[in-house]
Amino acid sequence: MNQGATINHDSVSTVRIKTYVLLVLGFVHVVVTLFFIVPGYLLIDEVIYHWASKGFVQIGGFEIWNGYEEFPSPELYHKFTAPFKGRSVSQYPYLFTVLTYPFYLLMGFYGLFLCNAVSFAGVVVLCYATARKIFNDLDLALNACLILVLCTFAWEYSQAAWPHTTSMLFITAAFYLFVCSYLSTDRLTSLYLALGAGLIGGFATSIRMEGVFLYPVLILPFLFQRPWRPREALAVIAGMLPGLTIFAMVNEAKFGMFSPFSYGGPTNMSPYFGAALVGVVAVMWAITRSRFTDFVNRRRKSLYLTAGIVLMALVVIPPTRSLIVEVATYSYVSVVDIRSLDPDLVRPAMSRSSGDGVVYIGAQKKALLQSMPYLVILLIPLLRIARRHEDGPALTILFLMPVITVGYYSHAFHASGAYEGGLCLNYRYFLPLFPFFSILSAYAIREIRARWGAPPSFPTSAIVSFVTVLAYFFFVHKWLGYVDYLELPLLLFPLFVAAFLLALIAVGELVSGGEIRLMKGVVWTALVVALTWSSLTALVYDYPVHRNQRVVNYTIGESLRRVIPPNSIFFTAPVVDPFMRLIENDRVRIAFPYRDRFKDFSKLTEFHLKAGRRVYGAFYDDMWKNLMSGPLAGYSVQRRFRPISAFPHFWVGEIQPLVETGPAPAD
């Protein structure tokens with residue numbers, strides 16, 4: 001890691017401009033957070049977090065009240081909640097609910113958005129601090145922050161109610177303390193910092209389970225450093241124990257399962273797979289020790305031959321061959337091209353465009369490179385590692401988290417059948433990697449400048465960016481309602497830009513001499529186009545579509561809240577998300593009759609009517625007709641909420657017992 005003097009390639013005035021831009025962006029972030037957030041749901045996960053936060057404030061625990069203890073029916077808990085000991089709880093980790101307590105107490109559901117907005121500001125600050133600590137380069141650190149804010153879709157998730165950004169804050173904070181420990185020359189200070197990194201990292205899993213990917217990042221560098229530092233590694237592990245223990249205790253109270261790695265069910269990762277990874281790491285550690293160096297050097301050819309035979313055996317054996325193909329396939333789907341997703345896969349609310357694009361809420365979903373084509377410049381730090389550059393150790397550490405995360409989601413999570421990530425128009429599971437990607441990208445830009453020459457002047461770059469914006473509005477914004485037409489600009493064009501930029505970078509790395517500077521304008525132009533297109537995709541395409549979905553759900557939910565009184569029950573199927581705003585109404589039970597195919601529907605209706613509570617349902621016309629001729633044959637239905645334009649032929653009615661009028665009077 002570079003601990004030398006800072007080398008500023010830009011003038012002091014340029015550094016000031018970048019600082020001012022970041023400050024202005026911070027001000028804009030505050031304004032948008034305070035005045036433009038619509039506290040509606042994007043998808044069902046946010047509903048569960050809303051439900052859990054309300055329960056934590058009102059009940060004081062992790063219970064989600066929905067009338068389950070009154071009448072224990074599957075229809076009274078969602079598939080993302082779990083019944084245990086006569087109550088319903090969220091399947092998700094507990095800590096975000098705890099952290100949002102003061103926010104929800106003061107501002108309700110909007111408080112969850114505010115918590116993420118504050119967390120995002122912290123992530124940007126930590127991204128700057130980490131880059132500055134590792135490379136001691138002010139310009140690189142500022143560039144990393146600008147890339148994180150403007151050229152990724154991380155900002156959008158700071159305007160959301162689920163805990164992606166808060167999780168990113170804990171992961172980035174733990175990594176920053178780890179870097180400080182790794183670079184510290186004072187042994188005692190290093191131990192304290194490692195302990196702090198482990199402490200924050202241990203609690204990161206209690207926000208989102210993705211925090212577990214950070215654990216090897218915090219431990220392995222200490223073990224593989226020469227000389228190795230087992231005390232710091234043990235300090236990290238010791239620091240993790242409080243967070244993991246508390247999480248396990250909470251899970252035992254929620255699910256009856258003393259484990260910090262569970263959503264109430266079995267984990268996706270096989271213990272044999274974990275044992276195999278530990279074995280591989282142990283072997284790698286042994287052969288990298290100095291006592292084995294001579295042995296390895298003398299038998300290098302034999303070891304290479306043995307490794308080749310082992311790899312060939314893995315390819316030949318059907319189970320491992322299948323695993324390799326699966327990992328490669330799903331890595332390509334999530335990183336390169338979403339269109340390669342199995343066309344036979346059927347997911348709720350998902351459709352496919354004519355070229356196999358994945359469509360949600362009328363818009364094209366994208367893989368990582370389709371969202372951020374500039375990421376191909378990470379080839380540069382990869383080559384620096386391969387060539388044993390002096391920055392190699394720092395770059396290796398920065399790559400650990402991306403490699404582990406992508407590898408996991410390409411196997412275990414994909415195998416669970418939920419790998420496309422739902423309604424989001426981007427691959428949200430890679431969000432924790434963005435601070436790492438941003439620092440590595442800023443490093444790559446610095447190396448491009450050193451090898452190819454300084455970028456064009458600001459006016460030239462501004463013109464290239466402006467032309468890219470015009471192209472975006474002509475090819476994308478003009479055709480927003482036609483998803484088939486958007487495959488070319490949103491799914492194919494980014495990959496073309498990425499491939500072209502990758503080819504230029506490869507040539508620049510292979511060819512030596514001044515001739516590569518003749519292509520300086522081409523490589524910088526391609527990079528500006530890639531960065532600008534990434535910004536437009538994130539801020540002008542993804543975010544408005546997601547915000548509009550929130551507006552629709554919020555508007556419907558608020559209208560319905562005025563119709564449904566407190567202390568009632570509301571059945572809904574198959575449309576759920578827009579009506580979950582009823583969570584804010586006091587003691588309204590929301591029932592999901594599809595959970596048991598309407599088995600308890602009539603029983604719940606009768607139970608609550610006899611208890612003097614009002615009963616409502618929200619169904620399509622055809623379902624209402626079937627219910628009226630079946631379970632509701634002895635009831636009347638009064639329409640209470642007009643059909644919703646977003647869901648034609650879907651309406652809300654109040655279910656009431658038929659009024660017996662008795663015999664007609666005699667003449």
Side-chain angles (χ1 to χ4, degrees), residues 152-153 210 213 268-269 273 311 314-315 318-347 350-360 363-383 386 399-422 424-434 436-437 440-441 444 483 486-503 505-506 530 533-534 537-538 542:
T152 73
F153 50 82
E210 63 201 8
F213 305 142
N268 290 323
M269 187 68 73
F273 186 67
L311 289 175
L314 292 176
V315 173
T320 53
R321 181 175 68 242
S322 176
L323 175 62
I324 292 169
V325 171
E326 179 186 81
V327 170
T329 300
Y330 289 134
S331 293
Y332 185 81
V333 169
S334 55
V335 174
V336 181
D337 191 353
I338 192 70
R339 295 174 304 157
S340 300
L341 190 65
D342 184 357
D344 295 329
L345 180 71
V346 178
R347 295 284 294 157
M350 183 180 81
S351 61
R352 304 299 284 264
S353 55
S354 59
D356 284 332
V358 175
V359 177
Y360 277 109
Q364 291 282 2
K365 189 179 181 71
K366 298 161 292 298
L368 190 63
L369 279 181
Q370 289 167 326
S371 290
M372 298 181 290
Y374 67 87
L375 285 179
V376 294
I377 65 175
L378 299 189
L379 173 66
I380 293 174
L382 281 173
L383 290 175
F399 267 114
L400 280 176
M401 184 74 175
V403 170
I404 293 168
T405 303
V406 173
Y408 174 84
Y409 283 124
S410 297
H411 168 55
F413 204 83
H414 283 241
S416 73
Y419 39 79
E420 95 294 343
C424 298
L425 302 181
N426 35 58
Y427 206 79
R428 63 185 174 92
Y429 299 121
F430 290 158
L431 274 165
L433 309 183
F434 288 176
F436 300 87
F437 282 155
L440 288 166
S441 297
V483 290
L486 295 178
E487 286 186 12
L488 175 61
L490 291 178
L491 305 182
L492 288 172
F493 178 71
L495 295 182
F496 169 77
V497 172
F500 183 65
L501 183 58
L502 181 64
I505 296 298
W533 198 264
S534 301
T537 300
D542 292 356

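For reference, positions follow the sequence shown, starting with 1. Atoms considered below: every heavy atom in the structure, side chains included; atoms not considered: hydrogens, waters and symmetry mates.
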side-chain contact (heavy atoms from CB on, under 4.5 Å) for M401 and L433? Distances and angles first, verdict last.
CA-CA 7 Å; M401 184 74 175; L433 309 183; 3.6 Å; yes
Nearest 0.5 angstrom please: I404 CD1 to F213 CZ, how far?
9.0 Å
Is there a side-chain contact between F430 and P402 (heavy atoms, below 4.5 Å)?
no
Using every non-hydrogen atom in the two residues, find where W533 and P494 come nearest and quote the distance to one decimal.
NE1-CG, 3.8 Å
Drop me the distance from L486's CG to L492's CG, to the nearest 0.5 angstrom.
11.5 Å
Can we call the ring centroids of F434 and F153 under 6.0 Å apart?
yes
side-chain contact (heavy atoms from CB on, under 4.5 Å) between Y408 and E210: does it pass, once the steps are laid out?
CA-CA 10 Å; Y408 174 84; E210 63 201 8; over 6 Å; no
Could you check if a side-chain atom of Q364 sits within less than 4.5 angstrom of a side-chain atom of T537, using non-hydrogen atoms only?
no
Please name the pair of heavy atoms, one in A367 and one in S334, separated by the smallest distance, quoted to 0.1 Å.
CB-O, 3.4 Å
Between F437 and L368, does a side-chain contact (heavy atoms from CB on, under 4.5 Å) hold up when you go through it step by step?
CA-CA 11 Å; F437 282 155; L368 190 63; 3.9 Å; yes
State, to 0.1 Å, how close N426 and S371 come at their nearest heavy-atom pair, and which atoms those are.
CB-OG, 3.9 Å
Kindly indicate whether the side chain of M350, heavy atoms from C-beta on, has any atom under 4.5 Å from the side chain of V358.
yes
How long is the gap from CG on L341 to CG on D356, to the nearest 0.5 Å?
9.0 Å
Within the 4.5 Å heavy-atom criterion, are S331 and V406 side-chain neighbours or not?
yes
For residues V376 and I505, determine if any side-chain heavy atom of one lies less than 4.5 Å from a side-chain heavy atom of the other.
no
Stepwise, does the side-chain contact (heavy atoms from CB on, under 4.5 Å) test hold for I377 with S441?
CA-CA 7 Å; I377 65 175; S441 297; 4.1 Å; yes
Using atom types as modelled and distance alone, determine if a side-chain donor or acceptor of K365 lies under 3.5 Å from a backbone N or O of V359.
no
Under the 3.5 angstrom rule, does the side chain of K366 hit a backbone N or O of I338 as a donor-acceptor pair?
no
Interatomic distance, D542 atom CG to L425 atom CG [nearest 0.5 angstrom]:
5.0 Å
Does some side-chain heavy atom of L375 sit less than 4.5 Å from a side-chain heavy atom of L369?
yes
Evaluate the side-chain proximity of F399 to P381: yes if any heavy-atom separation is below 4.5 Å, no if none is.
yes
If you define the side chain from C-beta out and look only at heavy atoms, does anything of T152 sit under 4.5 Å from Y374?
yes
Should the pair Y429 and Y427 be assigned to parallel (<30°), tilted (30 to 60°) or perpendicular (>60°) ring geometry?
perpendicular
Could you grab the distance from atom CZ of R352 to atom CG of D342, nearest 0.5 Å is fine?
7.5 Å
